[in-house]
Number of protein chains: 2
Amino acid sequence: MTAAAPALAGLVRRLESIGPLTAAEREAVADLPAAIRTLPPRCPIVREGERPGQCCVVLQGWLCRSNVLGSGKRQIHSLHIAGDMPDLQSLHLPVMDHNLDTLTPALVAAIPHEALRELLASYPGVAAVLWRGTLIDAAMVRQWMVCLGRRAALEHTGHLLCEMYLRQQAAGLAAGFRCPLPITQSDLGDALGLSTVHVNRVLQSLRAMGLITLQNGTLRIHDWERLVALSEFDPTYLHREDAPV
Amino acid sequence: MTAAAPALAGLVRRLESIGPLTAAEREAVADLPAAIRTLPPRCPIVREGERPGQCCVVLQGWLCRSNVLGSGKRQIHSLHIAGDMPDLQSLHLPVMDHNLDTLTPALVAAIPHEALRELLASYPGVAAVLWRGTLIDAAMVRQWMVCLGRRAALEHTGHLLCEMYLRQQAAGLAAGFRCPLPITQSDLGDALGLSTVHVNRVLQSLRAMGLITLQNGTLRIHDWERLVALSEFDPTYLHREDAPV
DNA sequence: CGGTGCGTTGACATTTATCAAACGCGGTGG
DNA sequence: CCACCGCGTTTGATAAATGTCAACGCACCG
């Protein structure tokens, strides 16, 4: 059940990118009990309405949070990569108001709420960092919302690509304007609030403009400056202390 | 500068609706130093890019958080009523990534960050409640986003009306399926991601269905059940412990 | 070798935006 | 007291963006 030491190294790294930890705090986080699971793609982790007793940490692969409407339409509100804790909110809000699923094959660690609560009680510094983390998460959702409500499909898609590149770069998963984007156009549509067909056309259009290519789950950004300009992408909302790009 | 005792009573009430406070915590919150200001409608409070040194509490009136794009289009991500602390995040994320404005004439209290930090350090229970509050706030934004991305204008608008009624009811500002809705159709459009013209048509359509009327800044919901059904409104995301409605 | 899932394309339908104008109403100054 | 003005609402005509439906190709896999 309890993981070997290096399993939560990615989490420690992520938290330190959000705020400072003391050596004792680092160690306490790394020593959290974590049950590691390998999951297939499109696999439910937690469902709306449930009351989970643990939080999960992404070790590998992509996860998403979403809601599904009666019509079957799905809106993804966030994409999660290694280092993220997508359902940390369940620690304070017992009933899930959305779903958490894998998009790709994934490796996740489950940490019992109880262990987290003990950690937070003993190390208020960790609590502060996690709080800050949930605020950044919320800021990303708000920005996503602005794109959904007020940007055209082209700009919106470009904005998402910029965000996912920068986030992966910060996590050490990308460099050189090249990063994994291992999800289908249909999932992308659920994230962007667009139909699959339209996503396809928008991507082609971005490619025709010489801005990106997207092949075999790899995104290549050929002209970062123009893509940023087109999407009016301003990384402030990621609240990174170091300078992005 | 420092407010008379009852000024922050609404804040205490709101926090207690989010989580339990001890008598000492209640008192400490009520004793926070607060500079009260009266503001006109459409008045900026904090701008994107700024580093505010205080958080504001709404005492009266409506505020909104928004981003404005280069094209001049505005997306409102949340509406705030008495008891809300719309910019609490500035305590942990120094640079604002959005704007905070009044929509109506408003009374707001400004609380210095320093005083809040001292409060949180002395009363971890208050910190926990505020954290939970920011998580609920994030949950509302996510739901708003689902509406924006995947619901048609009619359902979306209905959903917003349901939310604003319930939130005001919880704050003791509404009852009997009647509540203030003191904002223009143009602001409503910026919240819903729709044009003013379309908002107008949607509202007429909701009225024609016998679901609501909206006159002189007052919303009347004539058929709560049907409005909830139409909008697939599920109040889980408000995370109220008492049963709504 | 035949599925199955994903990407692509075309034709067409629908929703929503945009533009322009008129209306109503409360406030204000002559 | 009345005319005018500004703001918000309402209406109609038209345009643009995006969705839906249907079909096809292509690669991977059993």
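Numbered from 1 within each chain, the chains take letters A, B, ... in sequence-line order. Not measured: the values here are computed from a predicted model.
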Residue pairs, two or more places apart or on separate chains, that pass ring-ring contact (aromatic ring centres under 6.0 Å, His included) and touch [range]:
range: residues 64-83 of chain B; value: B/His77-B/His98
range: residues 187-206 of chain B; value: none
range: residues 162-184 of chain B; value: B/Tyr165-B/Phe177, B/Tyr165-B/Trp224, B/Phe177-B/Trp224

Next item on the list: Hey, could you give me each pair passing salt bridge (charged side-chain N to carboxylate O under 4.0 Å, His left out) that has a residue in residues 43-63 of chain A? Not counting sequence neighbours.
Entry: A/Arg47-A/Asp101
Item checked: Residue pairs, two or more places apart or on separate chains, that pass salt bridge (charged side-chain N to carboxylate O under 4.0 Å, His left out) and touch residues 56-82 of chain A -> A/Arg65-A/Asp137, A/Arg74-A/Asp187, A/Arg74-A/Asp190
Margin query: Of all nucleotides in DNA chain C that come within under 4.0 Å of a heavy atom of chain B, which is furthest toward the 5' end and which toward the 3' end?
Written below: C/dT16 to C/dC19
How would you label the contact of [X] with the nucleic acid (heavy atoms, under 4.0 Å): base, sugar-phosphate, or nothing?
X: A/Thr184; answer: sugar-phosphate
X: B/Gly217; answer: nothing
X: B/Gly189; answer: nothing

Checklist line | Ring-ring centroid check A/Phe233 A/His156, cutoff 6.0 Å | finding: no
Notebook entry, point to check: Taking everything shown except B/Arg226 itself, do over 12 heavy atoms lie less than 6.0 Å from its CZ?
Noted result: yes
Note to self: Contact list please: residues 201-214 of chain B against DNA chain D, heavy atoms, distance less than 4.0 Å, in numerical order.
What the structure shows: B/Arg201, B/Gln204
Margin query: If you apply the rule side chain to side chain contact (heavy atoms under 4.5 Å, CB included), what do you find for A/Met96 with A/Ser90, and how did you get there?
Written below: CA-CA 7 Å; A/Met96 289 297 287; A/Ser90 66; 4.2 Å; yes
Item checked: Pairs touching residues 227-236 of chain A that satisfy side-chain hydrogen bond (donor to acceptor under 3.5 Å, both in side chains), sequence neighbours left out -> A/Asp234-A/Thr236
Note to self: Just verifying a value: how many Å separate A/Leu103 CG and A/Leu63 CG, rounded to the nearest 0.5 Å?
What the structure shows: 7.0 Å
Note to self: I need the B/Asp87 CG to B/Leu100 CG distance, nearest 0.5 Å.
What the structure shows: 5.5 Å
Notebook entry, point to check: When the nearest nucleotide of DNA chain D is assigned to A/Val199 and to B/Gln185 on a heavy-atom basis, which residue is associated with the more 5' position?
Noted result: B/Gln185
Check: So which one's nearest nucleotide on DNA chain D is more toward 5', A/Ala152 or A/Val197?
Finding: A/Ala152
Item checked: End-to-end axis angle, where each axis spans five pairs of the helix from C/dC1-D/dG30 to C/dG30-D/dC1, to 10° -> 30°
Check: Who are the salt bridge (charged side-chain N to carboxylate O under 4.0 Å, His left out) partners of B/Asp97, not counting sequence neighbours?
Finding: A/Arg142
List the atom pairs, donor and acceptor, that lie under 3.5 Å between side-chain atoms in residues 201-214 of chain B and the rest of the protein, sequence neighbours left out.
residue: B/Gln204; atom: NE2; partner: B/Asn200; partner atom: OD1; Å: 2.4
residue: B/Thr213; atom: OG1; partner: B/His222; partner atom: NE2; Å: 3.4

Next item on the list: Walking along DNA chain D from 5' to 3', note the first and the last nucleotide with an atom under 4.0 Å from a heavy atom of chain A, and give both.
Entry: D/dT18 to D/dC21
